[in-house]
Each structure stands twice: as structure tokens, then as C-alpha cells.
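Since the model is a prediction, treat every value here as computed from it, not as a measurement. Just so it is clear: chains get the letters A, B, ... in the order the sequence lines come, proteins before strands, and each one is counted from 1.
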Amino acid sequence: MKFEQRKDLLGIKELQREEIDQILDTAVPMKDIIKRDIKKVPTLRGKAMVTIFYENSTRTRTSFELAGKYLSADTTNLAVSTSSVQKGESLKDTIRTIEMMGFDLMIMRHSMTGTPHYVARNTSMRVINAGDGANEHPTQALLDMYSIREKKGRLDGLKVAILGDILHSRVARSNIYGLSKYGCEVRVVGPSTLIPPGMEKMGVKAYYSLDEALNGVDVINVLRVQRERQEIGYFPSLDEYSDLYMLRTEHLLRAKDDVMILHPGPMNRGVEISSEVADGIQSAINEQVTNGVAIRMALLYMMMGGAKDEIAN
Amino acid sequence: MPLREKNQIMDEVAIKRALTRIAHEIIERNKGVDRLAVVGIRRRGGPLAIELARRIEEIEGVGIPVGILDITLYRDDLTLQASQPQVHRTEVNFDINDMKIVLVDDVLYTGRTVRAAMDALMDLGRPKSIQLAVLVDRGHRELPIKADFIGKNVPTSKQEIISVFVKEIDGKDGVSIEEIVDS
């Protein structure tokens, strides 16, 4: 299957490796555009896209909007906190209203798993999932994979450790689905309360000790401690968490010499990652942000450019 | 879409001679190679541009910059395509501001590719001038565009297809005229 034949991008799970390759390949020339003096191509003139985020976001929403603008699409943000949603409008009515305004594509984030899937089934607009609950965050995984492939030259067979709150992390899930398709050895590490059962079924090995987990890895993807989701106390205190699981320079000695550090942001410096590591030479955290724009440009081009009636549902 | 080859109109030797002549014409028109660069349009304009630059260097003894332009994002028919064409990299790794750019393509037909290429080029900077060199001009222009340097003029009907083969992509050099066979 070619990726453009899909109507929506809802998760990494259902993508084939060839489709991921196609997206990553398309992001390469897109990244060139970002680095030019004139960061604009006319490709999506006359197309309209809307971002609708029921959960906070800075970089994902901004980078989608910027990606759309670089490709000359018209981009709008529906600010949920100041919209009719606050007057009790149902999701279905909100979506119908947006659709009737003539948007071609909608980018949606919602705290409830499956919401973008529900919306996608009920609209002719194309839908990109920008994060649904603890389920998937496909564009983050794609930009992580792009960053790894750019630096390492390949994805196949790499050892990747994902560190932190795996239980609540859609970033972790999407990364696991994606990296597994390339035969990567994916490890998850964190407090046992934050690692869900059944990781083996996803082909992933769970570790509870940072030193063990980092042995010989090529990549460490550090997740944010989601303070907003810790209301029932998965660990005693942030101090204890950082004592045991904050990534520090000395941990990197366990990993391969050319280990690369990723973090989806926003970072809690001094909680899950030390400033030396975040700003160190192994860190690709800043590059990830640029790559995020490139990946989103690739997706918008692939999903919004073609003839509409050729799309399979 | 079944194709039948009607005629080979250029062989390897004919292509070489045409490129050598065009190289001389480019140098003559520009009174040398000062601030001159060639930029090929993907895909087959790329190898042709490299070949032209090599000849110009042989003649003048001075190397000139070569670039490759991917025009996919500038096409005017994207919304007519069933699936999106793959985008490739544009590799113009020199400053085009105030340069005399010779765009190179294999076939000049409707002129739409050249229009897209000029827009793509302008987004990289402000060249002093843009000239156009093509291996084959087959007519049927849909835009007011004209080539400055032409390998061969080939009158065609719209049912015919001009196929250019270059070693780097197709394993051989040659130009054929083919016809769509009704099946």
C-alpha cells in the first residue's frame, strides 16, 4: 500500500515499513526547504488545514502550522478553550461545522484514546492524530525515527532504550510500533509502576535499572515525567524519581560511544534529564524540533496534494 | 499504455555532437564562463547538465558550478495526479545570486516543466539571467517559453512520445520517437 492511499494518519501500528520509508524519504527534501533563505514552496496553494487541540501543546501544533505555511496551505487553529466547545457543543457538531467551512485536513489532539479515529470515520476531511490519550502520537515517532536515521544512517537492528513514564506515553507506544518494524531491539526502563504489563507481547524488554537498560544502546529516548498525570502517585516524589531515573552524563558510559539522546519535549531539566546531557554533544533534542517540521511537511504534502476522489477510506 | 518504437532519432554519437555544439554556443553567447552555471532538471536533465559542464570545462579550461533541480513541489498538475509524485532533493550547492544560469532538460514540450523550474530557481535566489538548453524540442508549447540552445528540433504529433535515454539512468544513450498503440 502507498501511504497516500490512506485517508488518515491515526497511528504507526497499522503502517507498513514501506510507507514509513516513503514518509522519511519525503522529509529529506522538505528539510532542505527549511534551511533556505526563502522557506516557501507553492505546492499546497488553495488547500486549507485546521489544528484542533483538546490538550495543550506548543511544539506539535506550532510545527504543524509552520509546515503548512511553508507549503503555502492556509492554516487555522481552533482554540478549544475560547471556542463553542466551552458552550457545550458536541464533538460531532464541532467537526461538522469545521468540515462545512471547507477544510481539507484536520490535525487533532485529544485526551481520550480513539477520538481522532471516531472523528475520521465521521468526516470527509483527512485526519492526522496529533496524540490521543496514552495511545499513539504518530508524528512524534516519525520525527524520532527520522532523527535516528539521519544521524545513524539506518534504523535496522539498532538498540533503543525508552526511558521514563511508559504507562502514560503515546510517544513510547508509537516509537515501539515503528522501531519494531525495522528489527530494532527496543528496551523500556522506568519505575515498575510506570511500566505497563505485557511489554513482551510488543516485543519489548522491560528494565527497572537504568544502568542495565543502557548497556550497549545506540539511542536513548527520554520521556517527560507527565506531572499532570501523576495525581494518584505512581512514585513517591520527584526527588526519588530523579535519583533513580534521571539521565546523567555518567550513565552514558554504559551506552555506545556514539549514543544519541532524544527527548520529545517539553523537558523537565533536573527531573528526567540533567542539563549536561540535554545540552551535551550526544543530544539531538534541538535537531528533533527542526525534523518535526520536515516530517509534518512531508505528511501534509502526501495527504493534501493529490486528487481527492482517489482516496481509499 | 503499450508503446511502439517508430524511429530512433538520435544515437549516442549524435547526442555527443549536439552537446559539444551546445557547449560552444553557451560559451559564445555568454562571452566566456564568468559567473556561469548549469542546472539540470530532474531526472534526465541532471546527467545532461553534468555532461554539458564537463564539455564547457574542456573547451575553456575552467570548471563551472553544476546543480540539480527537483521541480515536483512546483508542478501545476499535482491536484490532477492520482497519487503524489515522490519529491527528491534539489542540489544547488552554490549561491545563484547574480549568476547566469543555464537550465538543462531532455525534452521541451508544453513548457510547463520549465515554468516550474524557473519558479523553483527564483526561490533559491535572484540569478542575473536564466537561459534554457534542451536536447530535443518537440513543439506543442502551451506557455510562452522558448529554448536558447537546442540539440534537435523534432516535429511530432501529440500522440507520439519522445523518449530520451541517458547512460546514468537507462544504461544507454539515445533518443527515440514512440507511438501509443491502441489496444
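Proximity to chain B (any heavy atom under 4.5 Å) is restricted, for K40(A), to the backbone atoms N, CA, C and O. Neither the backbone nor the side chain of D37(A) comes within contact range of chain B, judged by heavy atoms closer than 4.5 Å. Heavy atoms closer than 4.5 Å to chain B are found in the side chain of I33(A), but not in its backbone.
Note that CG of L78(B) is 12.5 Å distant from CE of M304(A), once rounded to the nearest 0.5 Å.
Contact of the T26(A) side chain with the Q84(B) side chain is not registered, since no non-hydrogen atoms from C-beta on lie closer than 4.5 Å. At least one side-chain heavy atom of T90(B) sits less than 4.5 Å from a side-chain heavy atom of R36(A). Contact check for Q22(A) versus Q86(B): side-chain heavy atoms found under the 4.5 Å cut-off. Side-chain contact between Y74(B) and T43(A): absent, with no pair of heavy atoms (C-beta onward) separated by less than 4.5 Å. In this structure, the side chains of M30(A) and L73(B) come closer than 4.5 Å at one or more pairs of heavy atoms.
Counting non-hydrogen atoms of other residues, nucleotides and ligands closer than 6.0 Å to CZ of R154(A) gives a total above 12. The local environment of NZ in K151(A) is crowded, with over 12 non-hydrogen atoms from other residues, nucleotides or ligands closer than 6.0 Å. Residue D156(A) places its CG atom among more than 12 non-hydrogen atoms of other residues, nucleotides or ligands, all under 6.0 Å distant. Heavy-atom contacts from other residues, nucleotides or ligands closer than 6.0 Å to NZ of K39(A) number more than 12. Counting non-hydrogen atoms of neighbouring residues, nucleotides and ligands closer than 6.0 angstrom, the CZ atom of R112(B) exceeds 12 such neighbours. With a 6.0 Å radius and a threshold of 12 heavy atoms from other residues, nucleotides or ligands, K152(B) has its NZ atom at or below the threshold. Surrounding NZ of K92(A) are at most 12 heavy atoms belonging to other residues, nucleotides or ligands under 6.0 Å away. Within 6.0 Å of the CD atom in E142(B), the count of heavy atoms belonging to other residues, nucleotides or ligands exceeds 12.
Options V87(B), D76(B), L124(B) differ in how many heavy-atom pairs under 4.5 Å they form with chain A, and the most are formed by V87(B).
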Item to complete: Carefully, step by step, assess T79(B) and R45(A) under the rule side-chain contact (heavy atoms from CB on, under 4.5 Å).
Response: CA-CA 10 Å; T79(B) 52; R45(A) 255 181 336 162; over 6 Å; no
